[in-house]
Structures are given as structure tokens and as C-alpha cells.
Amino acid sequence: MGKTKPVKKVLGIDIGGASIKAAIVDLHRGALLSPVQVRPTPRPATPSLTWETIIDIVHTFGWNRAIGCGFPGVIRNGRVCSAANLHPEWIDYPITEAFTKLSRASVAVLNDADAAGLAEMQFGAGRSLYRRREGLALIFTLGTGIGSALFYRGVLIPNLELGHLELAGKEAEKYAAAVVRVKENLGWKAWGNRVDEYLAAIEKIISPDLIIIGGGVSASWEKFAPYLHPRSPVVPAQLKNDAGIIGAALGLTIPEFTMTRRGNP
Ligand code: BGC
């Protein structure tokens with residue numbers, strides 16, 4: 001990964017299990033500078049079909065500058081290492097390099113929950129800890145899967161995969177992700193209790209100073225928050241659905257995730 005020039009306007013792309021969202025982001029204010037473009041994630045979500053959608057989005061913006069992208073799986077050295085909710089053909093795909101071919105500027109690709117976490121830490125619910133470079137903050141995104149991101153004194157510890165812990169005899173994200181509430185037609189109480197069980201399992205192994213819960217459900221916080229009883233303070237994400245896009249763009253501030261057009265991963 002190469003050293004990057006400071007950039008201000010970035011196209012942030014958030015690849016999710018259900019949809020791909022993108023907007024132009026002001027990196028310094030952590031704010032959107034354009035309306036959000038949304039496309040359904042193609043099915044099957046193979047690299048070639050997903051890539052067609054991404055190219056379409058980039059062309060819609062007429063964009064040939066820096067791009068930051070959040071991906072729902074582990075990303076190491078510019079390659080996809082896991083993709084639980086997309087097609088297995090993604091494994092080992094050199095995603096960062098593929099993006100540099102689309103863009104004439106720097107590109108960053110990082111895990112989607114790490115991206116949302118960066119945004120929440122710098123501009124949302126975690127900003128007070130972030131500004132003081134204090135504490136241990138744990139961010140969850142509840143959507144098609146369960147994403148997790150950990151920050152110690154403001155520094156991201158990347159690719160934490162707490163959604164795949166075992167809970168009630170299955171993978172936690174198959175039991176407590178937001179999509180499970182809809183699929184199994186659970187009420188807010190039944191689902192909130194599952195999320196609470198999940199947090200209890202997490203707190204057996206980690207003791208954060210703050211837990212932030214994001215994903216689309218953060219907009220329905222009042223409906224399930226009464227059922228959550230973790231030891232640590234728990235708050236909703238503040239940037240709601242935009243955290244993934246803003247955080248994808250913020251990936252460009254981290255050299256390990258970033259590749260310049262001439263650089264090598
Ligand atoms: C993936 C994570 C991702 C999460 C949310 C999980 O299935 O393993 O990498 O962050 O879904 O998209």
C-alpha cells in the first residue's frame with residue numbers, strides 16, 4: 001500500500017448483503033455532499049455481477065477521483081478473505097487493485113463494519129472517546145449479518161469478526177442480525193432479547209467502555225433498546241445509514257487500506 005496525498009472529496013461506496021450505496025463524502029466534515037445512490041446487491045452476488053453494479057454507480061457520478069469502499073468481509077492486503085453474505089467466488093479477489101483500475105486516484109477498501117466504526121468514532125456516537133483518544137469502543141452493525149469493529153484509544157483493530165461467534169447453537173448473525181427479525185417475523189421484544197443474549201456472550205470475553213449499535217435498526221432504537229442490559233453503556237449509532245458510506249471514504253486516511261494508482265498492494 002502506498003503513501004497517499006491528502007484528499008478531501010471521496011466517493012464512498014458501501015457494499016452490503018442487500019444493497020450497494022454510494023455518495024460523495026467530505027472527508028473533513030464527515031458529511032455527504034451528494035444524494036445517496038442505491039442499487040440492490042445482485043444475486044448471485046458474484047464478483048462479476050457486483051462489479052457491473054459498482055461500475056454503473058461510479059459512472060453515474062462521473063467519478064475519476066479517490067474512492068473508498070466498505071466490503072462485508074475480511075479484507076487483508078487488498079484482497080477479500082471472507083464474504084459470508086456474498087458469493088464465495090469473492091474469496092481471494094484482489095478488490096483494491098480492481099478499484100484502482102476504475103479510478104485515477106487513490107483507493108481504499110476495508111471491512112464494512114470497520115468503515116462504519118471509523119465514521120461513528122470520528123463524527124458520531126464515539127467522538128468524545130475518539131477526541132480524547134481514550135477507552136475501548138465496540139461498534140456493531142446489525143443488518144444482513146452482524147459486523148463488529150473495535151477501537152482502542154481511537155485506533156481501529158481491523159477485521160474483528162464477532163458476528164460469527166456461536167450463540168444458541170448457531171452462528172450469532174443467523175440468530176440476532178436485523179434480517180433475522182424480519183425473516184422469522186419476530187417482534188421487537190423477541191428480537192431485542194436475542195440481541196441482549198448476544199451482548200451478554202460478547203461481554204464474557206471483552207469489556208468495552210462503550211458499545212455503539214448501528215445499521216438500519218439504529219433508527220428504531222426506542223423499539224428494542226429497553227430489552228438490552230449489557231454491563232457497558234450502550235448507545236445507538238448517530239450517523240444511521242450514512243455511517244457505512246462516510247466510513248468507506250475515511251478508509252483513505254489509513255495507509256494499510258489504501259493503494260495509489262501507481263502503488264502496489
Ligand atoms: C461478515 C463481516 C461483516 C458483517 C456485516 C459478516 O457476515 O463476516 O465481515 O462486517 O457481515 O456486513
Side-chain angles (χ1 to χ4, degrees), residues 12-22 38-47 50 53-54 68-93 95-96 108-121 137-151 156-168 170-183 191 194-195 198-199 201-202 206 211-218 237 239-248 250-251 254 256-257:
I13 304 180
D14 181 17
I15 303 179
S19 64
I20 302 180
K21 293 178 253 165
V38 187
R39 308 273 192 282
T41 304
R43 289 288 156 199
T46 55
T50 312
T53 306
I54 290 168
C69 178
F71 183 89
V74 171
I75 302 289
R76 295 190 72 200
N77 303 319
R79 282 184 182 264
V80 174
C81 299
S82 77
N85 296 304
L86 300 181
H87 196 278
E89 269 178 27
W90 273 104
I91 306 300
D92 213 31
Y93 191 87
I95 189 167
T96 313
V109 183
L110 69 163
N111 172 263
D112 59 350
D114 286 349
L118 283 176
E120 283 297 328
M121 289 305 287
L138 185 54
I139 290 104
F140 291 108
T141 59
L142 305 178
T144 310
I146 295 183
S148 52
L150 188 65
F151 289 79
L156 170 67
I157 289 130
N159 288 316
L160 186 72
E161 289 282 328
L162 294 181
H164 299 288
L165 286 183
E166 197 180 299
L167 187 65
K170 47 174 111 172
E171 266 190 305
E173 70 175 18
K174 303 257 177 341
Y175 182 69
V179 87
V180 177
R181 186 183 67 80
V182 180
K183 270 192 194 155
W191 181 71
R194 286 190 183 193
V195 176
Y198 176 63
L199 295 179
I202 294 293
I206 188 164
I211 298 176
I212 301 172
I213 299 204
V217 285
S218 53
L239 304 174
K240 312 279 187 238
N241 267 334
D242 295 341
I245 299 174
I246 295 170
L250 288 171
I254 302 190
E256 289 89 325
F257 299 144

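Note that the structure is a prediction, hence the values are computed from the model and not measured. Ligands are counted one by one from 1 in listed order, and the atoms in each one are counted from 1 as well.
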Between His164 and ligand 1, does any nitrogen or oxygen pair lie at a separation below 3.5 Å? yes

Taking 4.0 angstrom as the limit and counting only heavy atoms of Gly147, give me the atoms of ligand 1 inside it, by number and element. 4 (C), 5 (C), 10 (O)

Do you know which two heavy atoms are closest between Ile146 and Ala172, and how far apart they sit? CD1-O, 3.9 Å

Is there a side-chain contact between Leu110 and Leu118 (heavy atoms, below 4.5 Å)? yes

Would you call Gly73 a ligand 1 contact, heavy-atom distance under 4.0 Å? yes

Residue-level breakdown please: for Ala84 versus ligand 1, do any non-hydrogen atoms fall below 4.0 Å on the side chain, on the backbone, on both, or on neither? side chain

Side chain to side chain, Thr50 and Leu86, heavy atoms closer than 4.5 Å: no

Heavy-atom closest pair, residues Trp90 and Thr46: NE1-C, 3.7 Å

What is the closest protein heavy atom to atom 12 (O) of ligand 1, and at what distance does it sit? Asp112 OD2, 2.6 Å

Any N or O of Asn85 that comes nearer than 3.5 Å to an N or O of ligand 1? yes

Near Asn111 (heavy-atom distance under 4.0 Å), the atoms of ligand 1 are 2 (C), 3 (C), 9 (O), 10 (O)

Contact between ligand 1 and Ile146 is defined here as a heavy atom of the residue under 4.0 Å from a ligand atom; is it met? yes

Do Ile212 and Phe151 come within less than 4.5 Å of each other through their side chains, counting heavy atoms only? no

Contact between Pro42 and Thr53 at the side-chain level, heavy atoms closer than 4.5 Å - yes or no? yes

Can you see which heavy atom on Ser148 is nearest to which on Ala113, and at what distance? N-CB, 3.4 Å

If hydrogens are left out, which of Glu161, Lys174, Glu173, Glu171 has an atom nearest to atom 11 (O) of ligand 1, that is, the closest non-hydrogen atom? Glu173

